[in-house]
Every structure is written in C-alpha cells, then in structure tokens.
Undergrad: 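Structure provided below as structure tokens; questions to follow.
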Amino acid sequence: MSENLSGGIAVSQERTFVAVKPDGVERGYVGEIISRFERRGLKLVGLKQMQVPVELAERHYGEHKGKPFFDGLVKFITSGPIVAMVWEGKGAITLARNVIGATNPAQSAPGTIRGDLAVEIGRNMVHGSDGPESAAREIGLFFKDEELIKDWNRAVDKWVCE
Ligand code: IDP
Ligand code: MG
C-alpha cells in the first residue's frame, strides 16, 4: 500500500479485490462494470480474465463453507470466466462496495451495479472485498505481486482527491 500526502496529513491508499462474476461476463457487462469504477475515480492496478479453479473458489469463499448456498456458489463462480481486478484509491474498499450495492439485488439501491443490472442474490454480477483483511487475502489469492502496478501516480489524481 502506498501513501499520499495531503496538507501534511497522510491519506492512506487502499486496494480492493473486485471481480465480474460469470453472469456479468456472459451478459456482456464487463465494460459497463469497469467503467463504473473508473468513473468513480478509482485506479485500476490489476486486471485479468480467468477461469477460476474449484480449489481457488473454495478458498476465496471459505467464510461461507457449510452454508446451504456454498456448493451452488462455488459451482456458479467456476462455471465460466470471471474478470478479476484490483482497484486502488482513498477508501477504495468501502467505495467499491457502495458502487456494487447490497448483496441481494432486490434490496440494492438504484444507481449501484446490482441495483441497476441484477435481480437475484445468486446472480449478483460482481464481487467486492468487505474489509482490509479480506481485501489483502483475496488480492493475494488471485494476483501475483508482479501482476499489479506499483507506484503509479496519475496526473488526474489531484483532481480526484485533495
Ligand atoms: P457479498 O458478495 O455482498 O460480499 P456475501 O455475504 O459475502 O456477499 O456472499 C457471497 C456471495 O454468496 C454473494 O455475493 C452471493 O452471490 C452468494 N450468496 C450469499 N448469500 C446467499 C444466499 O442466501 N443464497 C444464494 N447465494 C447467496
Ligand atoms: Mg462477501
């Protein structure tokens, strides 16, 4: 993680793991979903399309092991390609969760990805890390260090954050 200095106060930059799930890829919403994070001002520092092996899916969703939807979730996330991403920015973890919307699309606010594009909890289009520990864990599961962009300062960043 890098740090920016703003008015003498260190502003911590966060990284979060986001993935377009197989339903989003199949429905042709990869570009639309990426553009929502871009428009919000986040910086894309890792990106790849991949087929998730079952073992990786089970580790990624390990916290849900034993729940009734676990087997179906693993089957779904391994059923077709996903687009895995790492987004960076001030407060990126919460910001990305807000862009994505509530887990159940029936309750997701309009204007969020799930609130605009999805109908059911088992087809909710996108994943986003829910906190700093899960972000670090998930980024480590899906990306090698050398696959991520380091120390990239965009000229536009000063127009996004003070
Ligand atoms: P999140 O994706 O918003 O973080 P989690 O509670 O971590 O939500 O659940 C992970 C994923 O598992 C959800 O995005 C959804 O696809 C699936 N899921 C969660 N709860 C249910 C359920 O009750 N039925 C079916 N699928 C579920
Ligand atoms: Mg979650």
Undergrad: With hydrophobic residues grouped by side-chain heavy-atom distances under 4.5 Å, do Met50 and Leu47 end up in a single group?
TA: no
Undergrad: Should the heavy atoms of other residues, nucleotides or ligands under 6.0 Å from CD of Glu26 be counted, would the total exceed 12?
TA: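 Counting other residues, nucleotides and ligands, CD of Glu26 stays at 12 neighbours or fewer.
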Undergrad: CG of Leu56 to CD of Gln51: how many Å apart, nearest 0.5 Å?
TA: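 Here the interatomic distance stands at 11.0 Å.
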Undergrad: Please find the pair of heavy atoms, one from Thr16 and one from Ala92, that lie closest to each other, and give the distance.
TA: CG2-O, 3.7 Å
Undergrad: Which pair of non-hydrogen atoms, one from Leu148 and one from Gly46, has the smallest distance, and what is that distance?
TA: CD2-CA, 3.8 Å
Undergrad: For the atom pair CG (Asp116) and OH (Tyr29), what is the distance rounded to the nearest 0.5 Å?
TA: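 Going from CG on Asp116 over to OH on Tyr29, the span is 9.5 Å.
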Undergrad: What distance do Phe142 atom CZ and Phe17 atom CZ have between them, rounded to the nearest 0.5 Å?
TA: 4.0 Å
Undergrad: Grab the two heavy atoms, one from Ala96 and one from Val18, that are nearest each other, plus how far apart they are.
TA: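 Looking at all heavy atoms of both residues, the shortest contact is CB-CG2, 4.2 Å.
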Undergrad: Any chance you could measure Arg123, atom CZ, to Arg27, atom CZ, to the nearest 0.5 Å?
TA: 10.5 Å
Undergrad: Report yes or no: does Asn124 contribute a side-chain atom to a donor-acceptor pair with the main-chain N or O of Thr103 at less than 3.5 Å?
TA: yes
Undergrad: Is Ser134 reaching over with its side chain to a backbone N or O of Gly131, donor-acceptor style, under 3.5 angstrom?
TA: yes
Undergrad: With side chains defined as the heavy atoms from C-beta onward, is the minimum distance between Met85 and Leu44 less than 4.5 Å?
TA: yes
Undergrad: Let me check something: do Leu73 and Val54 share a hydrophobic cluster, defined by ILVMFWY side-chain heavy atoms less than 4.5 Å apart, either directly or through other members?
TA: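 Both belong to a single hydrophobic cluster.
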Undergrad: With ring-ring contact (aromatic ring centres under 6.0 Å, His included) as the rule and sequence neighbours excluded, what pairs involving residues 76-112 come up?
TA: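 Every ring-ring contact (aromatic ring centres under 6.0 Å, His included) pair that includes a residue of residues 76-112, provided the two are not neighbours, is Phe37-Trp87.
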Undergrad: Determine, using the 4.5 Å side-chain heavy-atom cutoff (strictly less than), whether Ile149 and Ile34 are members of one ILVMFWY cluster.
TA: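 No.
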Undergrad: List the residues meeting side-chain contact (heavy atoms from CB on, under 4.5 Å) with Glu120, not counting sequence neighbours, and say none if there are none.
TA: none
Undergrad: Are the side chains of Gln49 and Ile82 in contact, using a 4.5 Å heavy-atom criterion?
TA: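 No, too far: nothing below the 4.5 Å cut-off.
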Undergrad: Rounded to the nearest 0.5 Å, what separates atom NZ in Lys43 from atom CD in Glu38?
TA: 13.0 Å
Undergrad: To the closest 0.5 Å, what do you measure between CD1 (Ile121) and CD (Gln107)?
TA: 8.0 Å
Undergrad: Looking at Leu42, Thr112, Ile113, Val126, which hits side chain to side chain contact (heavy atoms under 4.5 Å, CB included) with Arg36?
TA: Ile113
Undergrad: Determine, stepwise, if the pair Glu14 / Lys90 fulfils salt bridge (charged side-chain N to carboxylate O under 4.0 Å, His left out).
TA: CA-CA 6 Å; Glu14 281 182 344; Lys90 185 178 175 184; over 6 Å; no
Undergrad: For residues Thr78 and Ala57, report the shortest heavy-atom separation together with the two atoms involved.
TA: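 Between these two residues, the closest heavy atoms are CG2-CB, 3.6 Å.
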Undergrad: Check the hydrophobic clustering (I, L, V, M, F, W, Y; side-chain heavy atoms under 4.5 Å; chains of links allowed) and say if Ile93 and Ile139 are grouped together.
TA: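 Shared cluster, no.
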Undergrad: Is it possible for you to say whether Val25 and Val86 belong to one hydrophobic cluster, with membership spreading through side-chain heavy-atom contacts below 4.5 Å?
TA: no
Undergrad: Kindly indicate whether the side chain of Met125, heavy atoms from C-beta on, has any atom under 4.5 Å from the side chain of Val20.
TA: no
Undergrad: Going by side chain to side chain contact (heavy atoms under 4.5 Å, CB included), Pro22 matches just one of Ile77, Val83, Val52. Which one?
TA: Ile77
Undergrad: May I have all residue pairs that pass salt bridge (charged side-chain N to carboxylate O under 4.0 Å, His left out) and include part of residues 55-68, sequence neighbours excluded?
TA: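 The answer is none; no pair qualifies.
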Undergrad: Does any part of the side chain of Tyr61, heavy atoms only, come nearer than 4.5 Å to the side chain of His127, both counted from C-beta?
TA: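 Yes - at least one pair of side-chain heavy atoms lies under 4.5 Å apart.
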Undergrad: For Lys150 and Asp145, indicate whether the former's side chain and the latter's backbone hold a donor-acceptor pair under 3.5 Å.
TA: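 Looks like yes, one N/O pair under 3.5 Å.
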Undergrad: Within the distance-only criterion (no hydrogens, no angle test), does the side chain of Arg114 pair as donor or acceptor with the backbone N or O of Gly101 below 3.5 angstrom?
TA: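 Checking the backbone N and O of Gly101 against the side chain of Arg114, a donor-acceptor pair under 3.5 Å is found.
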Undergrad: Checking the side chain of Arg137 only, and the main-chain atoms of His60 only, is there a donor and an acceptor separated by less than 3.5 Å?
TA: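 Yes, because the side chain of Arg137 sits within donor-acceptor range (under 3.5 Å) of the backbone of His60.
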Undergrad: Look at atom NZ of Lys75 and say whether more than 12 heavy atoms of other residues, nucleotides or ligands are closer to it than 6.0 Å.
TA: no
Undergrad: Do any N or O atoms from the side chain of Glu138 and from the backbone of Ala135 form a donor-acceptor pair under 3.5 angstrom?
TA: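 Between the backbone of Ala135 and the side chain of Glu138 there is no qualifying donor-acceptor contact (under 3.5 Å).
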